[in-house]
J.: 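The following block contains the structure, expressed as structure tokens.
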Amino acid sequence: MRSNQGGYKQTMRHFKAGLALTIVAALLAACGGGGSGSSSSSSSSSGGAANTPPTANAGPAQTVNAGIAVTLNGAASSDSDGSIASYSWTQTAGTTVALTSNSNAQPSFTAPAVSAVTIFTFSLVVTDNRGAPSTASTVDITVNPVIGGNVTFTGVVQFARANFTASFPRPLNYASPVNRPARGVLVRALNAGTQTERANTVTADDGTFALSLPANTSIDIQVVARMQRTGSPSWDVRVQDGTTGNSPFTYKPPAPFSSSVGSPQTINIPLGITSSGTAPNLAARASGPFAILDTIYTAIQGVRSVAPNTTFPALIVDWGSQADGTFFSSGPVQHIALLSDLTEDTDEFDQHVIAHEFGHYIEHNFSRADNIGGSHAIGDKIDPRVAFGEGFGYAFAAMILNDPDARDSFFGDITPSDGVDNPVHASGGFNIETNPTGSNGCWCSESSVYSILYDLYDSAADANDTVALGLQPIWDVLTTAQKNTPAFTTIFSFITALKADQAASAGAINTLVAAQNINASTIDAFATTETHFPTTVPQAAALPVYTTATVGGGPYVLRNVDDAGHYNKLGNHRFLRLTATSTRSVTITATSSNTNTPDVDFRVYRAGEVEVSGEDPSSENPESEQVSITSGRTYIIDVYDCANGCDTDQGTPGDYNLTVNIN
């Protein structure tokens, strides 16, 4: 359980002991001294250099547990034109304690028993070899109580992060990692001998933690790559190698601590990667799992800025997977797979990759993700469900990280055209702020979607962008209208709902969306007025986005093509929209004109959920299924030939006609 540790400020009045030293310099001739004897004042009557007073330094503040020996340290006191002749310590706050000496540079005392956190203040004045005193310097010693035989062990956990360099090819800078606080992670105190757990807690936002432990006990501190909080809000995220079991990565400093050591102990989790980007194994790269968690922690707090009491379903991050940045919603626990291969591609410091996949997790759990997945790349003309899902992932990452510069590190040949295999550490990427121009803009483009969504969010005005809504309106649409739309989740359904919610900004939204070749002013969730289609796909295979269908009104002939690619590209899947006028059972039959191993399939959806699946391998062409429909409800039929629209190629891809009858 995450402990809500709030800091507090305690004000103490520090009384500084001032010593006034008056030295009377007189010619001693009248007093029998004779001659012109020297004076102990700070100036010389014979014209010598003035004496500069010394500087006292009472040493650093300390935090200790009751019963611990404390050594004050005035050794850093100095005199620029002489030497320190004496030290004078005075206690000015706290229950009086006995110093071993009031005149040594480093006296000590035993921290007394206290019933609450207590501050003891000591003042130091030093005098130089010519008798000049310093201004007083003070130091605070904070003493924690021993309650029930326990002491408070405090510390701070930091992890090393490799950041991107600014110059091409913009690799990760493994030579100069920076330490960042490990926020919200589990810390366990283990008995150094038996490794049994004594106590556990969770770090605060500054990486600090406090554990109540038996006094004078040898302990190991284990930091676990797991963020867990119960109550409201709540979350449970862990990073491990694989998805089975409960075995998150851990880090333990090489030497144990005494529970009574006092003062916050700093635990630095090392990078474990050489400056040239190599490491002996995954376990040596200790900071990687905590860097992953830190990006997710940032995303969680971003969501909480608009939905403070969110309950986040349990999530595993599989670091060590061969899957290239993928979110999996099925299985006993949802998980994100990230790469860890330093010799090809590794993701632990690629914050946009991590936040993008977490965006899919957010869309799946709090909105609705009709995205069918599959490979995608900038410039692809893709299924509008995929365009929205992937575009949202990129835009979400930029919003949460407050950074539109999406980067992905890798190790490879960045100039393959020169014919020389010369792999280097580098990063690729693109700017979420950059809007596709000309004919590149499309409702079927993830680039158009992410640029629209980010421009809706951010406050930086650029071409066609005069709207700055922030995250709240976007979140509100995602978690209500987009979640419940009878259409598929696309840019059409999202913008339609956003314009309804933000009527005052509708004109600015229209301008932004229209710049991406989308009919914004008359937009609706089913794209009934959309006229744009990309030149790479025939009009008949792109429009209408949804063909309106009625029971007994067919046959409906839909063009199914592979011009933009396979499975999740535009034209692979075609949609029919059926609104039931009465409650009844209907039979849907689909046939493909493909004569070379045809396999026509379809699914019937209602509000994103599959009502029936017409994917019988024993009946490949035609395919027929019965489905019960309810009056007033809208159903979407997604029909495709497996030669073009299945996740693995089946048959001969090409251009075919799909005929659908609803009776």
J.: So that I can tick it off, tell me whether Arg559 and Asp563 are bridged by a salt bridge, with the cut-off set at under 4.0 angstrom between side-chain N and carboxylate O.
T.: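 Not counted as a salt bridge, because no side-chain N and carboxylate O are separated by less than 4.0 Å.
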J.: Can you tell whether the side chains of Arg238 and Asp318 come within less than 4.0 Å, N to carboxylate O?
T.: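 Salt bridge between Arg238 and Asp318, a charged N being under 4.0 Å from a carboxylate O: no.
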J.: Write out all pairs satisfying disulfide (SG to SG under 2.5 Å) with one or both partners inside residues 440-543, taking only residues at least two apart or from two chains.
T.: Cys442-Cys444
J.: Tell me the ring-ring contact (aromatic ring centres under 6.0 Å, His included) pairs involving residues 364-384, sequence neighbours left out?
T.: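 Every pair satisfying ring-ring contact (aromatic ring centres under 6.0 Å, His included) with a residue in residues 364-384: Phe312-Phe366, Phe327-His364, Phe366-Trp475.
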J.: Decide whether a cation-pi geometry holds between Arg577 and Phe526; the criteria are a distance under 6.0 Å from NZ or CZ to the six-membered ring centre and an angle within 45° of the ring axis.
T.: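 Here Arg577 passes the 6.0 Å and 45° test against Phe526.
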J.: Describe, in one word, how the ring planes of Phe396 and Phe392 are oriented to each other, choosing from parallel (under 30°), tilted (30 to 60°) and perpendicular (over 60°).
T.: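 It falls in the tilted class, 30° to 60°.
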J.: Does a donor on one side chain and an acceptor on the other come within less than 3.5 Å for Asn657 and Ser593?
T.: no
J.: If the condition is salt bridge (charged side-chain N to carboxylate O under 4.0 Å, His left out), which residues does Asp341 pass it with, not counting sequence neighbours?
T.: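 Asp341 satisfies salt bridge (charged side-chain N to carboxylate O under 4.0 Å, His left out) with no other residue.
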J.: Is a donor on one side and an acceptor on the other found under 3.5 Å between the side chain of Asp236 and the backbone of Arg229?
T.: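 No; zero donor-acceptor contacts below 3.5 Å.
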J.: Drop me the distance from Asp501's CG to Thr496's OG1, to the nearest 0.5 angstrom.
T.: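 Nearest 0.5 Å value for the CG-OG1 distance: 11.5 Å.
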J.: Going by the disulfide (SG to SG under 2.5 Å) test, which pairs reach into residues 589-654, not counting sequence neighbours?
T.: Cys642-Cys646
J.: Give a yes or no answer on whether the side chain of Gln240 reaches the backbone of Gly242 with a donor-acceptor pair at less than 3.5 Å.
T.: yes
J.: Which pairs pass disulfide (SG to SG under 2.5 Å) with one or both residues in residues 514-564, sequence neighbours excluded?
T.: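 Non-adjacent pairs meeting disulfide (SG to SG under 2.5 Å): zero.
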J.: Using a strict 4.0 Å threshold on nitrogen-to-oxygen distance, state whether Arg170 and Asp408 make a salt bridge.
T.: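 Here Arg170 does not pair with Asp408 in a salt bridge, since their nearest N and O are not under 4.0 Å apart.
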J.: Would you list the pairs meeting disulfide (SG to SG under 2.5 Å) in which at least one residue belongs to residues 319-398, sequence neighbours left out?
T.: none
J.: Do Thr485 and Ser493 pair up side chain to side chain, a donor and an acceptor below 3.5 Å, judged on atom types alone?
T.: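 Judged by distance alone, the side chains do not pair up.
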J.: Within the side chain of His573, is there an N or O that forms a donor-acceptor pair under 3.5 Å with the backbone of Val639?
T.: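 No.
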J.: Is a side-chain donor or acceptor of Arg606 paired with a backbone partner of Val610 at a separation under 3.5 angstrom?
T.: no
J.: Check whether Tyr297 forms a cation-pi arrangement with Arg183 (NZ or CZ under 6.0 Å from the six-membered ring centre, at most 45° off the ring normal).
T.: no
J.: Hey, are Arg603 and Asp601 close enough for a salt bridge, meaning a charged N less than 4.0 Å from a carboxylate O?
T.: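 So Arg603 does not pair with Asp601 through a salt bridge.
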J.: Any side-chain donor-acceptor pair under 3.5 Å between Lys499 and Asn510?
T.: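 Yes, because at least one side-chain N or O of Lys499 sits under 3.5 Å from a partner of the opposite role on Asn510.
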J.: For the pair Asn560 (side chain) and Asn572 (backbone), establish whether a donor and an acceptor sit closer than 3.5 Å, ignoring hydrogens and angles.
T.: yes
